[in-house]
Amino acid sequence: MSDCCTPAAFQPPELPAASLGEFRTIALIGPPNSGKSTLFNRLTGLRQKVANYPGVTVEQRMGRMAGIDRDDLVLIDLPGIYSLDPFSEDARVSIDVLKGNMPGTPKPDAVLLVMDSLHLTRQLMLAAPILGLGLPTLVLLNMTDLMEARGGVVDALKLAEELGAPVARVSATQGTGLDAIQIFLNRHRGVSNTDDVPHPFTLPVLGNAMSTHVWAAQVSSKTGYQAPLSAKNTQKVDGILLHRVWGPLLFLAVVFGVFEVVFSIGQPLSDGFGDVLAKAGGYVAAFVPEGWMRSLLLDGAWKGVSSVLVFLPQILLLFLFIGILEDTGYLARAALIADRVMRTIGLNGKAFIPLLSAYACAVPAIMATRTIENKRDRLATILVTPFMTCSARLPVYMLLIAAFIPNLTFLGGLVGLRTLVMLGLYLMGFVAAMTTAWLLKSSILKSSETPFILELPQYRMPTLRSMGLRLVDRAQVFLYQAGTVILCVTLALWVLAHLPIHGGKTPELAESLIGKLGHVIEPAIAPLGFNWKIGIGLLTSVLAREVMVGTMGTLYGADPQTQAESLQTALHHDLPLGGAVALMVFFAFAMQCTSTMAVVRRETNSWKWPAIQFLWMLVLAYGGAWVANWVVTAVWG
Amino acid sequence: MRVLSDLRVGEVGRLVELTLPAGVQNHLMHMGFVPNALVRVVHRAPAGDPTVYGVDGIEIALRRETARSIRVTAPEAVVAQAAELAEAV
């Protein structure tokens, strides 16, 4: 439930009443990575995720075209397709929507066909089947500015003639040329669209790749299309990033660097932010009369919520890094490098893209598995994705590491012990994912190998705007989560910690309702080195992992003995080292996220798989934590 | 006749024929792997496989077993053949 994490269901906007023949629904279609979602965001003013790799959009999205003052029209953004023969699940979505076979999504009345003008000849192959659908179509040559800057040429007028459809040059990133879309839409206002459908005569026999290609090549040469010089930069950069030695080394260096940055820059930021929050809480509390109300607000709600909020800087740093990976185009290279490892466990490199984005959040990552062509490969990837260390685990790890792991450095301050522990936890999740995938792929999900076919996008410099928007969106989701789920949980905990009232006096924490509940479950978790407060945290964190931190904040805040201490100090005194390490291991493996379970159910269409997944992860978590507690206690206890 | 996986990094081949399952073949052809297309070997992944091929201005990574089912000739061979034909005529 952490972050992103309302399973990406959406409400189709209510359709405006329209007279016969008028446009109501417009579909955006085109080959993968041609800029459809960027254009969608321009035209609707929404913020659909965009990045630089094929397969970012995996489901249909609808929005009103408010960006160009046409609120009466609904625009549908679709996953990219190469042809009308679906090769993967995401392409099937597009084709179903275009043909009006998608329940809940209206059949489009018109089509905006987006083509990357840097590779026009190949992109034209899609124009044939799309125009063949017979819907009014506007062809949008995207990135013409970039193409011309690199010496490319195309005669748009001639292209329109050849296709029998209007053609416009646009730049989705710059937002230029959008008035052509206005004109196209206005021209059809009130006109019966059947009269206006252009019938191209030159279309080839549909469904045959060879004839479509010959046709596309002919059209492209008739329009005088000259492909721009390919950007040599991409090949130069790849010469290093895909180098036999430097490639993997750089990859590891970057990963290690990120964790160092999260600690060395993120921790001071987070501490400073924590001080500000504590001061703000104290300031507000001064206005609330002393008594149970102040205790509820300050010790209950504020301590719980702010103990999670302080991790905002680190989470934003992590997202910044993942954003850079996605927007530059490196993600596809990582998949290429990983293919070798992935094939030994029976998957292919394509599965690595969702797994890497799961470092942010498992929910969109599970959606992203739709790009994996083989059904069994896709299911295996879905089942192991929650092992990847998502950003909701970060607050738990950061809190426990800061409280229990000494701040030692090696190699002259270059390598910190805390960074190593963090890396170890990330590695543990990754190994669990790989091992589970291997087990699945060599037993119940065995299948013949599917070929690995991956288009590598050209490198692009991420824009400040897109990075900024990503971080703002992320911060909003995080704050929303803290203000809703975590706030509710902490308020409920505070109340339970102060009941039952005997003779006008609130009970000792251990004697309260929450204390009694904690003591009931204590025997089950005592072998792991956990106390009853941790047990309560494990219960609440089933909602979402970071609720654990909020729960600890409230429980230690409600206890008069630990009220004055920081959460780190309180934990340090209350939990043995073995229990602390065991708790980190538990979080590395356990499935504590209702949003993930919901999306797994949706994508696999049954409760069977999320149930199996939950149990398997629980078994690993419990077993791993037990071993960790035993070993740590034996060695350092 | 050579296959795509025989080419070394930097070499260019002219595609002759694909012999792959229909779905895969159709997909590849829509990506630009059509007979007569010029295919260039751009990079190999650090582990030696998959390999990145440049076709029609874009880069596509394929594993060796897929590239093995794509037959190519040297680009000059076609020119030479055409020249021979012209002479014969």
- CE of M31(B) to CD1 of I453(A), rounded to nearest 0.5 Å, is 6.5 Å
Heavy-atom pairs under 4.5 Å with chain B, option from [options] with the top count:
{"options": "R333(A), Q123(A), M210(A), R340(A)", "answer": "M210(A)"}
{"options": "E455(A), R122(A), R244(A)", "answer": "R122(A)"}
{"options": "T121(A), D238(A), L241(A)", "answer": "D238(A)"}

Chain A contact via [X] - side chain, backbone, both or neither, heavy atoms under 4.5 Å:
{"X": "V42(B)", "result": "side chain"}
{"X": "L20(B)", "result": "neither"}
{"X": "V52(B)", "result": "side chain"}
{"X": "P21(B)", "result": "neither"}

- Message: Walk me through whether R343(A) and D49(B) qualify under side-chain contact (heavy atoms from CB on, under 4.5 Å).
- Response: CA-CA 11 Å; R343(A) 81 184 300 170; D49(B) 189 47; 3.0 Å; yes
Looking at every non-hydrogen atom in both residues, tell me the closest pair between [X] and [Y] and how far apart they are.
{"X": "D339(A)", "Y": "P50(B)", "result": "OD2-CG, 3.3 Å"}
{"X": "H119(A)", "Y": "D56(B)", "result": "CD2-O, 4.1 Å"}
{"X": "S83(A)", "Y": "N26(B)", "result": "OG-ND2, 4.3 Å"}
{"X": "I337(A)", "Y": "P46(B)", "result": "CG1-CD, 3.9 Å"}
{"X": "Y82(A)", "Y": "H30(B)", "result": "O-CD2, 3.6 Å"}
{"X": "M125(A)", "Y": "M29(B)", "result": "CE-O, 3.6 Å"}

- H243(A), part contacting chain B, at a heavy-atom distance under 4.5 Å: backbone
- Item | Part of F87(A) within contact of chain B (heavy atom distance under 4.5 Å) | side chain
- Query: Applying a criterion of heavy atom separation less than 4.5 Å, what residues of residues 58-68 of chain B form contacts with chain A?
  - Reply: I58(B), E59(B), I60(B), A61(B), L62(B), R63(B), E65(B), T66(B)
